[in-house]
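Proteins come first, then strands; the chains are lettered A, B, ... in the order of their sequence lines, and each starts at number 1. It should be emphasised that the depicted structure is a prediction, and the values quoted were computed from it without experimental measurement.
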Amino acid sequence: MSTNAKPYKETLNLPVTRFEMKANLTAREPKIQARWREEDLYGQIRQARSGCEAKVLHDGPPYANGEIHMGHLLNKVLKDIVVRSLTMQGYDSPYVPGWDCHGLPIEHKVVKDLGAKAATMSHAEIRALCQKDALKWVDLQRDQFRRLGVSGDWDNPYLTLDPRYEAGILDVLADLIEGGYVFRQLKPIHWCITDRTALAEAELEYKDESTPSIYVNFPMVSGVPAEWGDGPWHAMIWTTTPWTLPANVAIAAHPDLEYVGLRYVDPATGATVHTILAAALVAKVMGLRQVTQFEEVGRVRGRELEHAEYRHAFIDRVSPIVLAGYVTVEDGTGLVHTAPGHGTEDYQTGRTYQLPTLSPVDASGRYTTEAPEHLVGQGVFQANPKIVAMLKESGHLFHDVTFVHSYPHCWRCKKPVIFRATEQWFIGVDRNDLRGRTLKQIDAVRWLPAWGRARIDAMVGGRPDWCISRQRSWGVPIPALGCETCQTQLLTAETVRHFRDLFRREGADAWYTKPVDELLPAGAVCPKCGGTTFRKEGDILDVWFESGSSHRGVLSKDFNLGYPAFMYLEGSDQHRGWFQSSILTAVGSTGRAPFETVLTHGFVVDEKGEKMSKSVGNTISAVKATEQYGADVLRLYAASMDYADDVRMSERGIKEMSEAYRKIRNTFRYLLGNLEDYAGFDPNSVAPETLHAIDRWALGQFNSVIRDVRAAYEEFEFYRVYQRIYQFCSVELSSFYLDVLKDRLYAESPKGPDRRAAQFVLARLHDGLTRLLAPIIPHTAEELWELSPSGASRPASVHLAEFPQPDPAFDDEARDHVWQRLLAVRTEVLRELEKLRSAKVIGSAQEASVRLGSDDPEMSSLLEHNRDLLTTMAIVSEIEVGGSAPPDSARGQELPALWVHASRSSHAKCERCWNLRPEVGRSEAHPTLCARCERVISERNTNGA
RNA sequence: CGGCACGUAGCUCAACGGUUGAGAGCAUCCGGCUGAUAACCGGACGACGGCGGUUCAACUCCUCCCGUGCCGACCA
C-alpha cells in the first residue's frame, strides 16, 4: 500500500459537476439566446399555452430614438418578469413589443441635419428620411432588448409607422368623430412670422431680447367699491408685448392678493388719477416715475374684483376682471393683461371664463381686419411703438421703458417668435360626458400601487380639452379636406374611414404623395356650401393620440391579443401620458378602459436617489453594464428592488448584485455537484420513510418558499421573490442544511438509502428553485435546467415549464415548532464552539464534544429525544445529554434554561470522514477509520466498486 | 409655486399602534476550515430624515420642516 496519497479520500463522493462556478454570462447568454431563436422558443411557448386562459401584458411603445438606458432596462425587465411568471403560472401570455416611431424628436433631428436643404424638400422626402432614422433605432433597440433576455415576438413588433397601425389610429379617430367628440377651435401656438410656420417648444431658442415694458391705465366701468368715491377709476396693467393689446379681453387678478385703490398726481401733467394695482407694488410702480403725491383710498382682495368691468384703452369694448392663480407681484402691477389668443395661460383663463380668443394677426405677423383700422396690415413688432405712442397720446400710458428679458426665438431663422391663435382639432373631454365616463372606468381598473388611481383621477378630472393636431410632417396626417369655396374642413367618420382603408393599403405616405383628386372619397361634397373642390390640410395627429390608439391596432385588430388587455406596465410619468391617452381614446371609442390592471414603477435614480442625467454625469449605460456584468445580474438587480418607489442603481450596486448572483450560483453548483450520479435516477424509487427528519424539514421549508414566491409573483412583488429565495439559499440551505448534508453525501455509500434520500431532496430543490428563478434569471435557469438530473418527462426548456407546487406531505406545523427550538439550541451550541475556536482548542466543529442539559423538564425532554439530530445539526462528533451542569458550562443566551458545555473530543479522528469517534483504531483492517466508514468501504469492495 | 409619492443599518428588504433587545441577508471587520476552494462556516459592528402632536403605548396615525422623484404651472 502506497503511503504518499490519502487513499481513503478517493473513496469519498466529492462533488463533481459541469456547472462552472464562473458564470461568464457575457459569453454564455448570447449563446443561449441564439439557441432560443433557432428553436423558436417563443413560438413553442405560444403553442404550449394555446387554449389556456390568456393574460396579456400590452407593451407601451418606447420612442425609437437613442440607445436604451436604465429606465428602459427596468421597464422591459419588469415586463418580462411579469410575462414569464404568468406563463409559468399556466397562462397564455404573449408579448408583442412595440415602438413609437413618429414625432418631433426624429423630425427635428432629420431637419436639423439637412440644414437649409430641408426647405427645398417635400413632406414625402423628409418623411422618408424620418422613417429610415426611426427604423434604424428600432433595430438597434430591438437587439439591446433582446440582449437583456426579454422574451417576445421580436420578429413581428408593432410599429406606429406600420400602415396597419396607422389604419388603427384612424379607426379610433373615426369612432371619436362619430361620437361627437372632435371639433375645431382657436388655440395659441408658437409661431414664426418669418418662416410662417408653427413651432414646437423644442424648436425655440431662448435669448435675451429688448422689448417695451409699459404700464397702462384701463378705465373701469363697474365693480369699483362705492366707498372709494367717483374717480374716475382705472386698473393698471403691465405688458411687454403692446402688440397683443388689441386682443385683450380681460384683466387677471390673484384672488388672495391685496389690491389698493390709489389716488396719485401725475408728475408730468399734474393731473390726479385714480387707479387700482397690487398693494405690494405701489411703492415700486410709483417710484418708476418718481410720483411723490399718492395716497391709498381703499383696499380689496383680488377675489372681490372678479367680474368688475373695464373699457379697453383704444377699442370700444367692455371686458371683465378675472381671477388666475398664476398672477404674482414679482413684476408689473399685479393685474395681468389677458389675451387668450396670444398666450397659453391667457388661453386657459379664457377657457375658464368663456372669453373670446381673438387673434387679429395673420401668418406673416400682420394685423388683420379684425384689428383696429389704423393697425391693419402692419407687422406686430413694428406696431409696438405705434401702440405705445397711441396710449401716450390718449393719456392711458402711465410709464414706458425698455425691458430686457429672455424671449423665445425661432431655431431656424433666429427671429423672435409670437403666440398666435390658430384653428386646431380638439377632443372635447366634456362632450358626451367623456370625462365622467372615463373617471368611472378609472375606478374599475386595478391600479398598482393603489395611489395611481387618485393620481390619474386628479389628472383626468382637471385636464382641458385635448388638442390632437400638430403642424408637423412626421406623423399620421389628420385627413381633413379643406373646401376651396368656403374654407370648411371636411372630416367625418365616413371620410376618415375612407382614408383608414387607404392608409392600410398604401400607408399614410399616400396622403403626401398623391394629388388631392386621387385621394378624394367618391362623391365628396362640402356639407356647408356643396363645393366639390378640396385641398389637403397639413396637420398631423398628436403622437400621444397615436400611441394611445394601440388598443385598437394591437389589442383588437392585427395582433389580436384580446381587448381589453390584462395589464399595462409603465413608469409613473405615464399617468399623464400613455395611460391617459389610452383610456380616453378607448372610452371614447369603445366605452371601456383598455386595461384591467395598471402597474407603475418609479424612475431609475443614482446612488444618492437623484435623477440620472448626462450633464451631471451620474448615468450608467445599460448597454455597457449588460456587456460587463451580464443580463441576468442586471435582471436580478432590477428584480431585487421595490419598483413602486424610485429605484436606485449604481455601479457599486451592480457589483454587489454580482456577488449575490454568485452565491445563488454556488448554491446550485453544490446541488449539481452532488447530483452528478443521480442523473436518470427515478425519485419515486426513494422510499419516503428513508428520508431523514432533517430532509423532511428541509422540504417543508421549501414548501413555504414555494408558497411565498408564488404569492409574490402573483402580486408582482418581485423583490420578495428575490429576498425569499436568496435568504433561503443563504440561511436554510448554504449555512445549515447543505453544510449538514456533507457528511451523508460525501461519506455514505453512493447508492445507499441515506445518500439517495439526500439527493432526492437536492434534486427537488434544484428543480423547484430553477423554475422559481426562471422569470428573473432566464439564462441561468436554462443552463441549470439542462443539467437537471430530473427524468425525461419534463419540457425541453424551463420556460415551457410551470412553477413548482408545494408537496403537503412535507408540511408539519408541530414539527416546525420543535425545529425552531432545536435550531435555537444549535445556535447556543455554536456559540460555545466559537469560544473553543478562539481559544485554539478546536478548529472544525467535528473536533468538539458537547454536553447539554436543562432544569426545565420540557427542554430536557426535547434534548433527550433529539440528541442524534442535534449532533448532526451542529456537525459535532458527539453530544451527550443530561447529568448536572459542569461548573464551566455556559447558560444559553436565548434559552436561559439550557446549559451547554463544549470541549475537545477525546476520541481519535476518522481519516476518511474526519469525525472523532471512540471506535477509531479498533479495526485491524482499517485502523484509522470509524465504524461507518469501514462499513462503507467494505460495501464498495463487495460491489466491486 | 401646485398636485402625487417616497425617506428603517454602507446596500437591498422586514416589523397586526403594544411583549425590556426594530429583524434578515449582503457589504465591512475579526476568526475558522482547506473534501462547495476566485468557495464554505462562525462571530462582531451597525438604522427608524428632523421638530412637535394624538395615545396608557408610535417605525407604525396627524401637522409642519428638510431631502428626493414624477407630473404640472411659470417667464404676461
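- Residue A:E610 places no side-chain atom within donor-acceptor reach of the base of B:rU68, judged by atom type and a 3.5 Å distance cut-off alone.
- In this structure, of B:rC70, B:rA36, B:rC41, it is B:rC70 that holds the atom nearest to the side chain of A:R455.
- Closest to the side chain of A:S640, out of B:rU12, B:rC13, B:rC11, is B:rU12.
- Remark: P of B:rC26 and OH of A:Y661 are 18 Å apart, rounded to the nearest angstrom.
- Between A:Y206 and A:H409, a ring centre-to-centre spacing not shorter than 6.0 Å is recorded.
- In this structure, the nucleotide among B:rA76, B:rA36, B:rG25 sitting nearest to the side chain of A:H337 is B:rA76.
- Which of B:rC4, B:rA36, B:rG42 sits closest to the side chain of A:W451 comes down to B:rC4.
- At the heavy-atom level, A:R652 lies under 4.0 Å from the strands shown only through sugar-phosphate atoms.
- At least one side-chain nitrogen or oxygen of A:R669 sits closer than 4.0 Å to the OP1 or OP2 atom of B:rU37.
- Both distances falling under 3.5 Å, in either a Watson-Crick or a G-U wobble arrangement, occur for no nucleotide opposite B:rA36.
- Here B:rC40 is the nucleotide among B:rU37, B:rG69, B:rC40 with the atom lying nearest to any side-chain atom of A:K663.
- Considering only the side chain of A:K9, B:rG35 comes nearest among B:rG35, B:rA76, B:rC13.
- Of all the heavy atoms in A:S749 and A:R755, the pair that sits closest is O-CB, 3.5 Å.
- Applying the 4.0 Å criterion to OP1 and OP2 of B:rC11, one finds that A:Y637 has every side-chain N and O outside that range.
- The side chain of A:M459 sits closest to B:rC71 out of B:rC71, B:rA36, B:rU37.
- Where stacking is scored as ring centres under 5.5 Å apart with planes under 30°, A:W914 registers as stacked on the base of B:rG35.
- Nucleic acid contact class of A:S734 (heavy atoms, under 4.0 Å, all strands): base.
- Here B:rA47 sits opposite no nucleotide as a Watson-Crick or G-U wobble pair (both hydrogen-bonding atom distances under 3.5 Å).
- B:rG25: Watson-Crick or G-U partner is B:rC11, with both key distances under 3.5 Å.
- Evaluated for a side chain to side chain contact (heavy atoms under 4.5 Å, CB included) with A:H405, the options A:T240, A:D331, A:D208 yield exactly one hit, A:T240.
- In this structure, the side chains of A:L199 and A:L204 come closer than 4.5 Å at one or more pairs of heavy atoms.
- Listed for the A:Y259 side chain is a donor-acceptor partner under 3.5 Å among the backbone atoms of A:H254.
- The pairing partner recorded for B:rC61 is B:rG53, the criterion being a Watson-Crick or G-U wobble arrangement whose two distances lie under 3.5 angstrom.
- Rounded to whole angstrom, the span from the CG atom of A:D708 across to the C1' atom of B:rC13 amounts to 14 Å.
- Across all strands shown, A:S650 has no heavy atoms under 4.0 Å from either base or sugar-phosphate atoms.
- Contact between the side-chain N/O atoms of A:K611 and the OP1/OP2 oxygens of B:rC70 is found at a separation under 4.0 Å.
- When both pairing distances are held under 3.5 Å, B:rU68 makes a Watson-Crick or G-U pair with B:rA5.
- When both distances must be under 3.5 Å, the Watson-Crick or G-U wobble mate of B:rC16 does not exist.
- With B:rG25, B:rA76, B:rC33 as the choices, the nucleotide that has an atom nearest any side-chain atom of A:Q727 turns out to be B:rG25.
- Aromatic ring centres of A:F403 and A:W238: separated by under 6.0 Å.
- Looking at heavy-atom distances under 4.0 Å, A:G843 makes contact with sugar-phosphate atoms alone, never a base.
- If you check B:rA24, B:rC71, B:rC33 against the side chain of A:D573, the one that comes closest is B:rC71.
- Using a 4.0 Å heavy-atom cutoff across all strands shown, A:G609 reaches sugar-phosphate atoms only and no base atom.
- Comparing B:rU12, B:rA39, B:rA76 by their nearest atom to the side chain of A:R662 picks out B:rA39.
- Remark: B:rA73 base-pairs with no nucleotide in the shown strands. Criterion, Watson-Crick or G-U wobble with two distances under 3.5 Å.
- At a threshold of 4.0 Å, the pair A:R665-A:E20 does not count as salt-bridged, since none of the basic side-chain nitrogens sits closer than that to a carboxylate oxygen.
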